[in-house]
Amino acid sequence: MKAVYLDCKDINSTECLQKVLKTMLDFPEYYGYNLDALYDMLTEPEFEAEFHVTNFDALRENLGKYARAFERVLEDSAEENGKFSYYLD
């Protein structure tokens, strides 16, 4: 299982977060750049990763409710896909 590390200290928009996620997680070109699309990618049967998110407080400060929605997508995805796990710091 590959380990992926996302440092949120410099992410200041939803667009920035989505672009970083697409690149880091090697999503296909058709990725939809939204939380529904993220859930779809993370719950694909062949997707597996250990996802480490650091400086999540900065993301909460910069993105507000969107950061909480992002966290819920990670929670739901980990619950749905046993080959995906995440850690917030």
Side-chain angles (χ1 to χ4, degrees):
M1 182 178 299
K2 71 178 179 177
V4 180
Y5 296 85
L6 171 64
D7 187 345
C8 296
K9 70 179 177 186
D10 294 324
I11 295 178
N12 55 18
S13 71
T14 60
E15 294 83 10
C16 178
L17 174 62
Q18 289 292 336
K19 287 178 183 178
V20 168
L21 290 170
K22 182 192 179 299
T23 300
M24 292 184 89
L25 298 172
D26 196 30
F27 289 156
E29 286 302 311
Y30 62 82
Y31 176 64
Y33 296 94
N34 61 63
L35 294 176
D36 289 334
L38 177 62
Y39 177 82
D40 290 344
M41 292 288 108
L42 297 178
T43 58
E44 283 289 320
E46 66 275 357
F47 185 81
E48 70 178 67
E50 185 177 277
F51 191 48
H52 298 265
V53 183
T54 60
N55 293 306
F56 195 74
D57 287 341
L59 194 68
R60 282 188 188 108
E61 186 176 315
N62 291 334
L63 302 187
K65 290 181 184 180
Y66 193 87
R68 176 62 188 131
F70 171 60
E71 183 178 6
R72 273 183 302 211
V73 168
L74 296 178
E75 290 171 9
D76 293 346
S77 298
E79 196 172 292
E80 178 73 23
N81 181 356
K83 296 185 288 183
F84 172 72
S85 59
Y86 75 98
Y87 306 91
L88 298 182
D89 178 27

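The structure displayed is predicted, hence computed values, not measured ones.
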Would the number of heavy atoms belonging to other residues, nucleotides or ligands and lying under 6.0 Å from CD of Glu50 be above 12? yes

Testing the basics here: between Ser77 and Tyr39, what is the closest heavy-atom pair and its distance to 0.1 Å? OG-CD1, 3.3 Å

Applying ring-ring contact (aromatic ring centres under 6.0 Å, His included), name anything that partners Phe27, two or more places apart in sequence or on another chain. Tyr31

N/O donor-acceptor pairs under 3.5 Å from side chains in residues 82-89, not counting sequence neighbours:
{"unit_1": "Lys83", "atom_1": "NZ", "unit_2": "Pro45", "atom_2": "O", "d": "2.3"}

Check whether more than 12 heavy atoms from other residues, nucleotides or ligands sit under 6.0 Å from atom CD of Glu29, and answer yes or no. no

In this structure, CG of Leu59 is separated from CD of Glu71 (nearest 0.5 Å) by 9.5 Å

I'd like to check the ring-ring contact (aromatic ring centres under 6.0 Å, His included) partners of Tyr66; sequence neighbours left out, ordered by chain and number. none

Quick one: pull up CD in Glu61 and NZ in Lys9 and give me the separation to the nearest 0.5 Å. 14.5 Å

With hydrophobic residues grouped by side-chain heavy-atom distances under 4.5 Å, do Leu21 and Tyr5 end up in a single group? no

Are there over 12 heavy-atom neighbours, none belonging to Lys2, within less than 6.0 Å of that residue's NZ? yes

Show your reasoning for whether side chain to side chain contact (heavy atoms under 4.5 Å, CB included) applies to Leu42 and Leu74. CA-CA 8 Å; Leu42 297 178; Leu74 296 178; 3.9 Å; yes

Do Asn12 and Asn62 have a side chain donor and acceptor closer than 3.5 Å? no

Would a 4.5 Å heavy-atom cut-off, applied to side chains only, mark Leu6 and Leu17 as touching? yes

Under the salt bridge (charged side-chain N to carboxylate O under 4.0 Å, His left out) rule, collect the residues that match up with Asp57, sequence neighbours excluded. Arg60

For Phe47, does its backbone N or O pair with a side-chain atom of Asn81 as donor and acceptor, under 3.5 Å? yes

Cys8 and Ala58 have their tightest heavy-atom pair at O-CB, 4.0 Å

Which residues satisfy the side chain to side chain contact (heavy atoms under 4.5 Å, CB included) test with Asn34, sequence neighbours excluded? Asp36, Ala37

Taking every heavy atom of Lys22 against every heavy atom of Pro28, the minimum-distance pair comes out as CE-O, 3.5 Å

Under the side chain to side chain contact (heavy atoms under 4.5 Å, CB included) test, which residues partner Arg72, sequence neighbours left out? Arg68, Ala69, Glu75

Roughly how far, to the nearest 0.5 Å, is the CE atom of Met41 from the CG atom of Leu25? 10.5 Å

Drop me the distance from Gln18's CD to Thr23's OG1, to the nearest 0.5 angstrom. 11.0 Å

Spacing of Leu38 atom CG and Thr43 atom OG1 [to the nearest 0.5 Å]: 9.0 Å

How many angstroms lie between atom OG1 of Thr14 and atom NZ of Lys65, to the nearest 0.5 angstrom? 14.5 Å

